[in-house]
Amino acid sequence: MASSEASRSSPRSRRELEVRNPRQDKYSVLLPTYNERENLPLIVWLLVKSFSESGINYEVIIIDDGSPDGTRDVAEQLEKIYGADRILLRPREKKLGLGTAYIHGMKHATGNYIIIMDADLSHHPKFIPEFIRKQKEGNFDIVSGTRYKGSGGVYGWDLKRKIISRGANFITQILLRPGASDLTGSFRLYRKEVLQKLIEKCVSKGYVFQMEMIVRARQLNYTIGEVPISFVDRVYGESKLGGNEIVSFLKGLLTLFATT
Amino acid sequence: NFRAQSSGPHREGELRGPKVVTMTKLAQWLWGLAILGSIWAVLTMGSLGLELPSSYQEVLWPLPAYLLVSAGCYALGIVGYRVATFHDCEDAARELQSQIQEARADLVRKGLRF
Ligand SMILES: Nc1nc2c(ncn2[C@@H]2O[C@H](COP(=O)(O)OP(=O)(O)OP(=O)(O)O)[C@@H](O)[C@H]2O)c(=O)[nH]1
Ligand SMILES: [Mg+2]
């Protein structure tokens, strides 16, 4: 599917798009952080590299929820290094959760497109130019990274986690027929007004929040493009995938099944 | 194909009319199962007066069970296949590691205290 999309626009028209649009379009990256002192400088460095190499106008909005490990201090240093017009700090006092972090960050975003990603290095900024190209190709409202299609994949997952992930994805596809292959991933590009509308509508938390965003998007007839991504599990910091997560995922899935 | 079906939120009303009732996914499943179930019931009970040959009856009776089992096998097969063919992005991990080294060095040069 991805390749048929890619072959539709001729090389010339694509080049024209790339020359014309980067100057008008601005991309705001929302980076929610909680205890990402190790990762934050690295992800910001990679973001700056990726954006400046492809000549894209951008800003990075860091939403730190009072991390006890001093993430905020590192963020302030990064603001000094890269400039307050590129790195925007919009911290909050305490841990209030991811969903509200996005809302908070979006209030301060000046771009017309929003990119959401994790700060733990599992989402690599090198894919962002591909997201942007994809979005322009199909004039999509949303472009979602996918681990389950084409060259997409994961690194650092054991067999158990792969089975859970593939199994959960299969059940979700059967029950919700959402029109996108990676529902729990959170590496996505949105038109700003689309994200605003979706966030208003979404009520769930955690993994289910990402899933609900796509399901609501389908309900509202928004178009979704997909780009295969490699997901490298976090190198620094704690990872959590416990029984709790699975139970709340199933609950959320059934809720969406019954209500959408 | 989801790209073909949706055409932007602004055109929603135009295309579908305002009075469209959208079923939840649960309702769609229940409807589907109810329809298939009643077809099966009508055929096996012979309540329409059409008497099927007994060889058909023998196949029809356990059909739901067969379907259930084969759906289960299909699901297990698909998930198993996808687990086995899940890409391990060794290259991406290696590339990231070397970029981390590069980033650290550059950031220290720019004056960052880790
Ligand atoms: N601002 C803010 N950021 C958060 C909060 N919880 C998580 N994050 C950040 O959101 C991103 C995703 O969180 P993760 O902990 O990586 O969640 P995950 O990817 O589902 O799980 P693992 O990577 O396996 O631990 C990371 O950048 C976190 O730092 C929160 O309450 N507030
Ligand atoms: Mg993560």
Side-chain angles (χ1 to χ4, degrees), chain A residues 1 5 37-38 41-42 44-46 49 73-74 77-78 80-82 121 124 126 138-141 147-148 151-157 159 162-163 165-167 169-171 174-180 194 197 217-225 230-232 235 254 256-260, chain B residues 1-16 20 22-30 32 71-72 74-114:
Chain A
M1 224 186 302
E5 284 295 339
R37 189 188 168 90
E38 290 287 336
L42 306 172
V44 167
W45 189 86
L46 288 168
K49 175 178 151 85
D73 164 59
V74 180
Q77 295 187 48
L78 289 165
K80 285 208 193 73
I81 292 175
Y82 290 109
L121 294 177
H124 198 296
K126 70 182 172 189
N139 197 24
F140 293 113
D141 297 310
R147 295 162 287 186
Y148 302 115
S151 54
V154 294
Y155 178 80
W157 282 14
L159 186 64
K162 282 182 180 174
I163 293 173
S165 169
R166 281 298 199 183
N169 188 261
F170 180 79
I171 296 170
I174 298 276
L175 292 185
L176 301 180
R177 277 172 285 132
V194 168
K197 187 130 183 223
R218 182 208 57 200
Q219 275 188 324
L220 293 167
N221 275 337
Y222 289 125
T223 53
I224 305 167
S230 50
F231 177 99
V232 178
V235 189
L254 291 179
L256 287 175
F257 180 59
T259 59
T260 67
Chain B
N1 186 321
F2 55 88
R3 288 192 191 101
Q5 91 198 348
S6 33
S7 47
H10 30 82
R11 268 176 264 161
E12 189 178 19
E14 233 172 82
L15 286 176
R16 299 164 133 210
V20 86
T22 45
M23 266 192 280
T24 66
K25 284 283 176 284
L26 176 63
Q28 290 176 10
W29 272 85
L30 291 178
Y74 170 78
L76 284 181
I78 291 280
V79 172
Y81 175 77
R82 288 180 180 169
V83 168
T85 56
F86 215 157
H87 282 169
D88 278 308
C89 306
E90 311 271 348
D91 292 342
R94 257 194 304 276
E95 184 196 37
L96 181 63
Q97 279 310 322
S98 75
Q99 285 178 331
I100 286 176
Q101 304 308 321
E102 201 186 331
R104 281 181 179 283
D106 187 48
L107 284 164
V108 167
R109 210 176 311 126
K110 288 190 162 89
L112 186 92
R113 287 166 289 108
F114 273 89

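All chains are named by letter (A, B, ...) in the order of the sequence lines, taking the proteins before the strands, and each is independently numbered beginning at 1.
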Which value, rounded to the nearest 0.5 Å, describes the distance between [X] atom [atom1] and [Y] atom [atom2]?
| X | Y | atom1 | atom2 | value |
| --- | --- | --- | --- | --- |
| Leu112(B) | Leu42(A) | CG | CG | 9.0 Å |
| Gln219(A) | Thr24(B) | CD | OG1 | 10.0 Å |
| Leu254(A) | Lys25(B) | CG | NZ | 15.0 Å |
| Glu95(B) | Tyr155(A) | CD | OH | 13.5 Å |
| Lys110(B) | Gln77(A) | NZ | CD | 14.0 Å |

Report which part of [X] has an atom under 4.5 Å of a heavy atom belonging to chain B: side chain, backbone, both, or neither.
| X | value |
| --- | --- |
| Leu46(A) | side chain |
| Lys80(A) | neither |
| Thr259(A) | backbone |

Can you tell which part of [X] gets under 4.5 Å to a heavy atom of chain A, answering side chain, backbone, both or neither?
| X | answer |
| --- | --- |
| Gln28(B) | side chain |
| Glu102(B) | both |
| Ile100(B) | both |
| Ala75(B) | both |

Should the ring pair Trp29(B) and Phe257(A) be called parallel, tilted or perpendicular, given that the plane angle runs from 0 to 90° and is split at 30 and 60?
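Ring orientation of Trp29(B) relative to Phe257(A): perpendicular.
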Residues in side chain to side chain contact (heavy atoms under 4.5 Å, CB included) with Val83(B), at least two apart?
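Here the qualifying residues are Leu159(A), Lys162(A), Ile163(A), Arg166(A), Val79(B).
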For Arg109(B), which residues count as a side chain to side chain contact (heavy atoms under 4.5 Å, CB included) partner, sequence neighbours excluded?
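Checked Arg109(B) against side chain to side chain contact (heavy atoms under 4.5 Å, CB included); matches are Ala105(B), Asp106(B).
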Most contact-rich option vs chain A, by heavy-atom pairs under 4.5 angstrom, among Leu76(B), Leu26(B), Thr85(B), Leu107(B), is Leu26(B)
Shorter than 4.5 Å, heavy atoms on both sides: which option in Ala93(B), Gly111(B), Cys89(B) has the most such pairs with chain A?
Cys89(B)
Looking at chain B, which one of Leu256(A), Val74(A), Leu175(A), Leu121(A) has the largest number of heavy-atom pairs inside 4.5 Å, strictly under?
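Sorted descending by pairs with chain B, the first entry is Leu175(A).
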With a 6.0 Å cut-off (strictly less than), is the heavy-atom count around CZ of Phe114(B), excluding the residue itself, greater than 12?
yes
Quick one about His124(A) and Gln99(B) (side-chain donor to acceptor, distance below 3.5 Å, no hydrogens or angles considered), yes or no?
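The answer is yes; a qualifying pair exists.
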Evaluate the side-chain proximity of Arg82(B) to Tyr148(A): yes if any heavy-atom separation is below 4.5 Å, no if none is.
no
If every non-hydrogen atom of Phe86(B) is compared with every non-hydrogen atom of Gly153(A), which pair is closest and at what distance?
CE2-CA, 4.2 Å
